[in-house]
S.K.: 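I have a structure I would like to understand better, so I am pasting it below and will then ask my questions one at a time.
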Number of protein chains: 2
Amino acid sequence: MKGKPVRRGVVFKSAEGHASNAELDALVLDVLGRVADKWTMCVLEVLAQNGVLRFTRVGELVGSISQRMLTKTLRDMEADGLVLRTVYPEVPPRVEYSLTEMGTSLCAAFCGVWEWAEKHEPELRALRLKRDARD
Amino acid sequence: MKGKPVRRGVVFKSAEGHASNAELDALVLDVLGRVADKWTMCVLEVLAQNGVLRFTRVGELVGSISQRMLTKTLRDMEADGLVLRTVYPEVPPRVEYSLTEMGTSLCAAFCGVWEWAEKHEPELRALRLKRDARD
DNA sequence: CTGTATCCACCGGGATACTG
DNA sequence: CAGTATCCCGGTGGATACAG
């Protein structure tokens with residue numbers, strides 16, 4: 001599984017020491033499955049753009065997320081070492097969120113996907129329209 | 001996508017003509033929400049590595065996917081213009097799948113995420129172990 | 001302000017059986 | 001071989017109410 005001269009340097013594996021197909025599953029299910037969801041990507045972007053943010057502000061910037069999902073997403077990201085959560089013992093309480101190094105690097109990794117989405121969104125919308133017209 | 005001197009070239013938006021936060025939602029929900037799921041990424045990888053594949057072979061290479069999800073994923077990808085589906089009118093039937101240009105480019109976009117996952121997987125596993133120990 | 005706690009609807013996704 | 005058709009369960013995620 002190496003000889004393949006896949007066009008355009010697309011495939012990242014296929015070098016010898018790299019992940020086998022068995023490990024591919026583990027990687028996807030364990031890592032990507034927990035880190036590559038919609039809300040995580042949004043929070044990542046928002047924090048990367050704005051630096052340090054309070055709970056409510058993150059929600060505002062993400063836009064359509066519910067409080068429940070915002071809490072859950074931030075908690076999970078904290079547990080996975082993607083965000084840093086700082087609680088100030090004041091009243092009313094103040095909590096600030098920021099990206100860790102790992103969070104920042106993940107955001108960078110998603111950069112290509114954001115660009116792809118932005119670039120191909122019109123194309124996808126066109127396809128969807130034709131489909132809807134057919135049905 | 002160049003203006004903002006965000007550290008380490010992480011953020012891709014925030015240039016003037018780029019997506020606002022309102023559009024961010026649209027992009028995520030409409031495009032990424034349908035294209036960035038676990039199985040799509042796996043199928044994308046498998047097809048990028050192996051070129052043209054038959055239905056069953058795709059399933060084998062992905063590994064843990066159920067037939068139901070394989071069918072659904074391939075159908076959705078076809079509808080979104082990511083894969084090309086070719087049916088040969090034979091008996092027994094033969095159907096071949098391959099990536100379109102757009103599918104290939106999406107796979108390339110995910111490359112960074114795969115690399116991130118592979119690189120940080122040990123780090124994430126370590127965190128998870130500490131967490132499990134605490135509970 | 002920053003959450004937690006419920007209730008609940010929806011659908012992702014596995015197992016299984018059947019078809020052309 | 002390449003699917004389609006069901007059943008069914010658990011998790012996602014919204015709405016709402018309450019708490020420190």
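Throughout, a chain's letter reflects where its sequence line sits, starting with A, and its residues are numbered from 1.
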S.K.: Looking at A:Glu115 and A:Lys119, does any basic side-chain N land under 4.0 Å from a carboxylate oxygen?
M.R.: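 No.
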S.K.: Grab the NZ-C1' distance between A:Lys38 and C:dC11 for me, whole Å please.
M.R.: 12 Å
S.K.: Roughly how far, to the nearest 0.5 Å, is CG of B:Leu47 from CG of B:Leu99?
M.R.: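 With rounding to 0.5 Å, CG (B:Leu99) is 4.5 Å from CG (B:Leu47).
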S.K.: Counting side-chain heavy atoms from C-beta on, which of C:dC1, D:dG14, C:dT2 comes nearest to A:Trp39?
M.R.: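 Out of C:dC1, D:dG14, C:dT2, the nucleotide with an atom closest to A:Trp39's side chain is D:dG14.
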S.K.: Give me the residues of residues 71-90 of chain A where at least one heavy atom lies under 4.0 Å from an atom of DNA chain D, by number, or none.
M.R.: none
S.K.: Please round to the nearest 0.5 Å and tell me the distance separating atom CH2 of A:Trp39 and atom CD1 of A:Ile65.
M.R.: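 One gets 5.0 Å once the value is rounded to the nearest 0.5 Å.
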S.K.: My understanding is that only residues two or more places apart in sequence, or in another chain, count here; which of them pass side-chain contact (heavy atoms from CB on, under 4.5 Å) with B:Arg54?
M.R.: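 For B:Arg54 the side-chain contact (heavy atoms from CB on, under 4.5 Å) partners, ignoring immediate neighbours, are B:Arg94, B:Glu96.
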S.K.: Report yes if a side-chain nitrogen or oxygen of A:Ser66 is closer than 4.0 Å to either non-bridging phosphate oxygen (OP1 or OP2) of D:dG13; otherwise report no.
M.R.: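 For D:dG13, OP1/OP2 do not have a side-chain N/O of A:Ser66 under 4.0 Å.
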S.K.: Tell me whether the side-chain N/O atoms of B:Arg54 come closer than 4.0 Å to OP1 or OP2 in D:dA2.
M.R.: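 True: B:Arg54 side-chain N/O within range (under 4.0 Å) of D:dA2 OP1/OP2.
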S.K.: Under the side-chain contact (heavy atoms from CB on, under 4.5 Å) rule, collect the residues that match up with A:Glu123, sequence neighbours excluded.
M.R.: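 A:His120, B:Met102.
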S.K.: A:Arg68 side chain: which of C:dG20, C:dT2, D:dG13 is closest?
M.R.: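 When the side chain of A:Arg68 is considered, D:dG13 is the closest of C:dG20, C:dT2, D:dG13.
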S.K.: Using a distance-only criterion (donor-acceptor N/O pair, under 3.5 Å, no hydrogens), is the base of D:dG3 paired with the side chain of B:Gln67?
M.R.: yes
S.K.: Just checking, is any N or O donor in the side chain of B:Asp76 or B:Thr73 under 3.5 Å from an acceptor N or O on the other one?
M.R.: no
S.K.: Please check the phosphate of C:dG3 (OP1 and OP2 only) for any side-chain N or O of A:Tyr97 closer than 4.0 Å.
M.R.: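 Yes, within the criterion.
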